[in-house]
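Count residues from 1 along the sequence. Numbering of ligands and ligand atoms starts at 1, following listing order.
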Amino acid sequence: MMPAGRFAPSPSGELHLGNLRTALLAWLFARSTGRQFLIRVEDLDRARAGAEAVQLHDLAAIGLDWDGPIVRQSERTERYEDALGALADAGLTYECYCTRREILEAPSAPHAPQGAYPGTCRDLPEAERARRRAVRPAAIRLRAGVTEWTVTDVLHGRYTGLVDDFVLRRNDGVVAYNLAVVVDDAAQGVDQIVRGDDLLPSTPRQVYLSGLLGYGVPEYAHVPLVLNRARKRLAKRDGAVTLAALAAEGVSAQQVTASLLASLRLPQVLPAALAAFSPAALPRDPWVLDPAELTAQQEGTLRS
Ligand code: GLU
């Protein structure tokens, strides 16, 4: 299998400038290292009709290309179930009947790190399991053998974070993101993962799980997010932050690409940016964006 990088959007709506900037970075990392670039639609959850087509259109519009067919998680349930089966056979899973509320209200186990599943269902006797199973469908959790794991990231260096008995399959039957992402990246030959740094805290769980499934560890680069003027993660309510909204203000996709590349301190057209790209030279801080400025700047450029 060819080594690959990827972008894995959730088709919950239009991509905004933050998502597009992450996609651009994933493309730059992959292409500058001779990797394939794959798009995987993470539609197990939060999928909105029509969103995938608009997202793909927008990725192409900012100049990105990708290899092979689009992969959709909703079409890969069998692979996830196989992985779950392998973990179950190895005694590495258990059923959990807790509600969110029960988890929040449970006294945390001694020495358990904050935010960790308290272990309520870890060692229940079978009779008790049968009783609880009759009341509520079970989720499947990982029986983790550690409480933390250290990963290495191109931009963040060594990072140690929580690994608990996290959910592998929810009690509505939907496979959890942490399992799907690990299974897919391994199956697709993805050995370079570039994504927003909001996902860095999930990485120790994912790398630990990869090891249990016998997969290799990919290279990670968690890139800074785009923030609004209040320094909160950019959202659609922040104004004209999607290609469609910007187009309505007279800003073309090429101009968006140029602005995104400028925010990365790169030449403002893709081939030159690709030639100049170096992870070490990337800004490490979030890009704080005032969408109104972007529009005004572009108007300035157009007028000048
Ligand atoms: N689908 C996830 C998201 O849109 C990204 C997952 C990943 O890149 O690992 O937030």
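In this structure, the side chain of Glu128 does not engage the main chain of Pro125 through any donor-acceptor pair within 3.5 Å.
Checked by atom type, the side-chain pair Arg40/Gln188 shows a donor-acceptor distance below 3.5 Å. In this model, no donor atom of one side chain and acceptor atom of the other lie less than 3.5 Å apart for Thr203 and Gln206. Between the side chains of Tyr80 and Asp184, at least one donor N or O lies within less than 3.5 Å of an accepting N or O. For the residue pair Arg21 / Ser263, a side-chain donor-acceptor distance below 3.5 Å is found, with atom types taken as modelled.
Aromatic ring centres of Phe277 and Phe29 lie closer together than 6.0 Å.
Residue-level contacts of ligand 1 at the 4.0 Å heavy-atom threshold are Arg6, Ala8, Ser10, Glu42, Tyr177, Val181, Arg195, Leu199.
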